Amino acid sequence: MKSDNANGHEPAEEEMRGGEAELRRHRLAKLERIRERLDEPYKYAFHRSHVIAEARRIFEGQEPQATDESPAALPAQLAGRIVARRIQGKSTFMDIRDEQARIQVFLGWKQIGDDAYEAAKDLDIGDFIGVSGMVKRTRRGEITLFAERYELLAKSLRPAAEKYHGLSNVETRYRHRYLDMVANPEVLDVFRKRVLMIQVMREWLIAQNYLEVETPMLHPIPGGATARPFITHHNTFDHDFYLRVAPELYLKKLLVGGFERVFEINRCFRNEGVDTKHNPEFTTMELYEAYQDYMGLMEETEEMLHHVIKSVVGGETFVYQERVVSIARPWKRIALFDAIRQYAGIDLESTRNREEAAKRAESIGMEVTPEMGYGKIVDEVMSACVQPHLVQPTFLYDYPIELSPLAKKKRGNDALTERFQPFIACLEVGNAFSELNDPIDQRERFEAQAALRDAGDEEAQFLDEDFVMALEVGMPPAAGLGIGLDRLAMIVTDSPSIRDVILFPQLRPE
RNA sequence: GGACGGGUAGCUCAGUCGGUAGAGCAUCGGACUUUUAAUCCGGUGGCCGUGGGUUCGAGUCCCACCCCGUUCACCA
C-alpha cells in the first residue's frame, strides 16, 4: 500500500500539457523516494512551540546588546510552507511562511547529518515542513531558525508561481484564489480587513441591542428590491423559488411580530450584469429599528460607519484609489434635488412632468430614452452628475416616490419619500428610509409597480400579499437601512474591483 | 449585449516586414559550508485560446467563436 500508488496514471496528468506534467512527474518521483524511506509525506499533526511571528518577537525581545559576548538564541519548533530555497552545496537556506510571518531556516549538513541533508533535496517550494532548532541571527543579521531536525508535513505536487513577479493573471487569481493567496500574501490582508469590518459592525449592532436574525434565502415571491431574481426549483413541492434579492420584507414582518431592533448579515442574489461593482451574489447588512425615522437613522448610520471604517483603516482618513477620504464627523448631508441643482445645474424638483424633466436632462447632454420614467431620469442625472463628486462621505436624502415603493412619503411632500443613501468615495454604500407601514398606501405602491411590470419593466416589484397582510396586522413606525458590505470592503481595502474583496467571485464556468 | 484591450513554456513576459518559437524565474544535472531576486556551467520544457481561410510558408494577415479585463448599458 505504501509505494505503489504514486506513479502517474491520474487523470490530472492527462489534462496537463508537456512542461507542467514534467514538473509534476519530478515531484511525484520525490514523493515516491520519500515513501521508500518510510517517511509519510502527509503527516497528521505537528507541535509548534510558537507561530513564526511570535518566535521572531520573543527572539527580538531577548537579543543582546552589540557589546554582549554570547549570542541570543531561542529554542523553537516552527512550521510553515517553503516559499524560497537557496541551496549552497552543504548548506541550504529556506524561507518558510505561516499565516502571519516568514522566517529563514538554515539547514547545515553538519548539524542535521548526512542522510537528513540528502533527504532535504526532495523538499520543494510549496511543501509544508516542521523544523526544530534554535532561532539566532546569521552573520548578515537575518533572524534564522538553525535546524536541528526537520520533517516534511505535506508535499506539494504543483509548481509555484514566479518568485519575483508572482501571480498576476487575474483570471487565475479569481478562479483559483488559493494560488493567489499563496503567491500574493497581501491578499490575505484584504480578506482579514473584510472579516474585521463585518465583525466590528456586528459587534456594534449587538451593542446597540440589535438582534441578529436569519430569514429565508428561498423566496416564493422575490421582494424588497427592484431587481431580477435567480429562479430555482424545489422538487418535493414541485414549485419554483427565487433566491432572495433582499431580506427586507421578512425583516419588517419581524417588526410586526414584536421585535424592535433586528439585523441580518447575509447574501443576496441578483440576476444582473457583472462588473467592477456588481457580483451576482453579494453580502448586505440590513437593519430595522422600530419607533425611528430616517433622520434618526441617518445619525446612527453615520456613527456606525464611522466606527467601523475607523476600526479597520486605523484612523479618520484613508486613501481610496489615490483620493484622500476623511470620515471626520459630521458628514455632509444634502437633499437629492439640491445636489442635482448644485452639480448638474438643472432643477428637476419644480416639475413632476416626465416630458419636462426629460427636456431639462437633455439640456445638459443626458440621453433620455422613451422607457425612462420621471424617477429614472432623476436617478440617471444623479448618477452622472452628482455621484462623481461624492468623494467625501455624504448622505443624499429625499428621493422621488417613483424610485422608492417601500418608503414612507415625506412629511408635507407627497412627491418625495423619506429616504437616504450614504456615499463614500463616490460609491453608493447603502440605502435607508422611513419604512412604509400604511398597508393601504403599500398596496397602491405595489399596484403601481405591477403596472410598470405589465409595461415591460422586468425589475418592477411583485405584490406580496403576505407582506401587506402583515402591515394590516400593524407595524410600528420604523426606519430601515441596508449596507452593501462588499462595496464597503472595497473602500476600506482600497480595492478597485468587487472581485478583489470576494474570496471566490463568480466567473463564467470554464 | 456594444466598444476597446488581452490570451505565446509551470509563472512573468518579448516576438521586427509573413520565413526553423525566445528570455528571466521555476524545474532537472553539475560546482559551491552564511545565502536572502544567491552565484556560475549545462539541459528539459510549446495545440503560440479554439476552428476555419489566404499563402510555397501564419504566433504574425483575414473570418468566426471561446475566455479574461476595462468601459457603456442594467443594478447595490
Side-chain angles (χ1 to χ4, degrees), chain A residues 16-27 29-30 83-95 102-111 117 121 124-126 136-144 146 156-175 179 182-184 224-228 245-246 268-286 367 369 371-372 376 379-380 383-384 403 421-423 427-431 457-459 482-488 490 496-499 505 507-510:
Chain A
M16 287 181 200
R17 307 191 226 184
E20 190 178 6
E22 190 196 328
L23 293 170
R24 187 160 175 273
R25 268 198 303 277
H26 284 132
R27 294 202 176 198
K30 291 174 181 175
V83 294
R85 200 164 55 138
R86 297 172 291 281
I87 299 177
Q88 204 153 24
K90 297 214 156 102
S91 63
T92 293
F93 293 90
M94 296 186 299
D95 294 343
R102 59 155 282 286
I103 193 168
Q104 175 167 273
V105 171
F106 175 80
L107 288 185
W109 157 79
K110 214 185 266 177
Q111 290 80 359
Y117 194 82
K121 290 179 178 165
D124 284 297
I125 290 171
K136 291 186 279 196
R137 276 194 197 272
T138 60
R139 282 214 291 263
R140 308 233 173 153
E142 176 84 15
I143 295 177
T144 300
F146 286 80
S156 167
L157 299 179
R158 301 268 180 169
E162 211 262 352
K163 67 176 169 188
Y164 190 57
H165 301 91
L167 174 70
S168 60
N169 181 301
V170 289
E171 185 171 357
T172 308
R173 291 184 47 219
Y174 295 152
R175 284 196 197 277
L179 294 176
V182 171
N184 307 309
T226 49
R228 297 217 306 264
V245 295
C268 293
F269 305 85
R270 297 192 187 173
N271 203 342
E272 280 159 1
V274 173
D275 61 35
T276 51
K277 295 177 184 62
H278 302 265
N279 194 62
E281 51 183 299
F282 60 103
T283 304
T284 61
M285 188 287 295
E286 284 204 15
E367 262 188 59
T369 56
E371 68 274 11
M372 284 164 67
K376 181 69 193 159
D379 196 38
E380 284 293 307
S383 302
L403 291 173
Q421 293 198 286
F423 290 82
L427 285 172
E428 184 184 328
V429 297
N431 189 21
D457 184 348
E458 281 186 69
E459 289 169 356
I483 298 286
L485 295 181
D486 310 281
R487 295 254 177 104
L488 198 56
M490 288 168 67
S497 170
I498 198 168
R499 294 180 207 101
L507 296 188
R508 191 178 291 274
E510 280 179 302

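Just so we're clear, the structure is a prediction, and the values are computed from it rather than from any experiment. So that the names make sense, note that chain A is the first sequence line, chain B the second, and so on, each numbered from 1.
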Using a cut-off of 4.0 Å on non-hydrogen atoms, how would the nucleic acid contact of [X] be classed: base, sugar-phosphate, or nothing?
{"X": "A/R137", "value": "nothing"}
{"X": "A/T226", "value": "sugar-phosphate"}
{"X": "A/D275", "value": "base"}
{"X": "A/F269", "value": "nothing"}
{"X": "A/G166", "value": "sugar-phosphate"}

Give a yes/no answer on whether the side chain of [X] brings an N or O atom under 4.0 Å of OP1 or OP2 in [N].
{"X": "A/R86", "N": "B/rU36", "answer": "no"}
{"X": "A/K30", "N": "B/rC28", "answer": "yes"}
{"X": "A/R228", "N": "B/rC74", "answer": "no"}
{"X": "A/K163", "N": "B/rA26", "answer": "yes"}
{"X": "A/S168", "N": "B/rU12", "answer": "yes"}

Using both distances under 3.5 Å as the test, list the Watson-Crick or G-U wobble partner of B/rA64, or none.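 For B/rA64, the partner nucleotide comes out as B/rU50, under the 3.5 Å rule.
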
Mind checking the CE-CG spacing from A/M94 to A/L107? Nearest 0.5 Å is all I need.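 Rounded to the nearest 0.5 Å, the CE-CG separation comes to 4.0 Å.
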
From the list [options], which nucleotide is the closest neighbour of the side chain of [X]?
{"X": "A/I498", "options": "B/rA76, B/rU27, B/rC11", "result": "B/rA76"}
{"X": "A/L167", "options": "B/rU36, B/rU12, B/rG10", "result": "B/rU12"}
{"X": "A/E142", "options": "B/rG69, B/rU36, B/rC28", "result": "B/rU36"}
{"X": "A/F93", "options": "B/rU34, B/rA76, B/rU36", "result": "B/rU34"}
{"X": "A/T276", "options": "B/rU70, B/rU27, B/rC68", "result": "B/rU70"}
{"X": "A/V170", "options": "B/rG69, B/rG10, B/rC11", "result": "B/rG69"}
{"X": "A/Q88", "options": "B/rU12, B/rU27, B/rC32", "result": "B/rC32"}

Considering only atom [atom1], compute the distance from [N] to [M] and round it to an integer number of Å.
{"N": "B/rA3", "M": "B/rG10", "atom1": "C1'", "value": "34 Å"}
{"N": "B/rC66", "M": "B/rA58", "atom1": "P", "value": "26 Å"}
{"N": "B/rG49", "M": "B/rC68", "atom1": "C1'", "value": "11 Å"}
{"N": "B/rA23", "M": "B/rC56", "atom1": "P", "value": "32 Å"}
{"N": "B/rU44", "M": "B/rG2", "atom1": "C1'", "value": "46 Å"}
{"N": "B/rA26", "M": "B/rC11", "atom1": "P", "value": "15 Å"}
{"N": "B/rU55", "M": "B/rC4", "atom1": "C1'", "value": "30 Å"}
{"N": "B/rA14", "M": "B/rC28", "atom1": "P", "value": "28 Å"}

With salt bridge (Lys or Arg N to Asp or Glu O under 4.0 Å) as the criterion, how do A/R24 and A/E20 come out once you've worked through the C-alpha distance, each side chain's angles and the decisive distance to 0.1 Å? CA-CA 6 Å; A/R24 187 160 175 273; A/E20 190 178 6; over 6 Å; no

Toward the 5' end of RNA chain B, by each residue's nearest nucleotide, A/R270 or A/R175: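 The residue closer to the strand's 5' end, by nearest nucleotide, is A/R175.
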
Nearest heavy atom decides the nucleotide; on that basis, is A/D486 or A/L507 closer to the 5' end of RNA chain B?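 Whichever sits nearer the 5' end wins; that is A/L507.
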
From A/K136, A/R102, A/R137, residue fulfilling salt bridge (Lys or Arg N to Asp or Glu O under 4.0 Å) relative to A/E142: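 Single pass found, and it is A/R102.
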
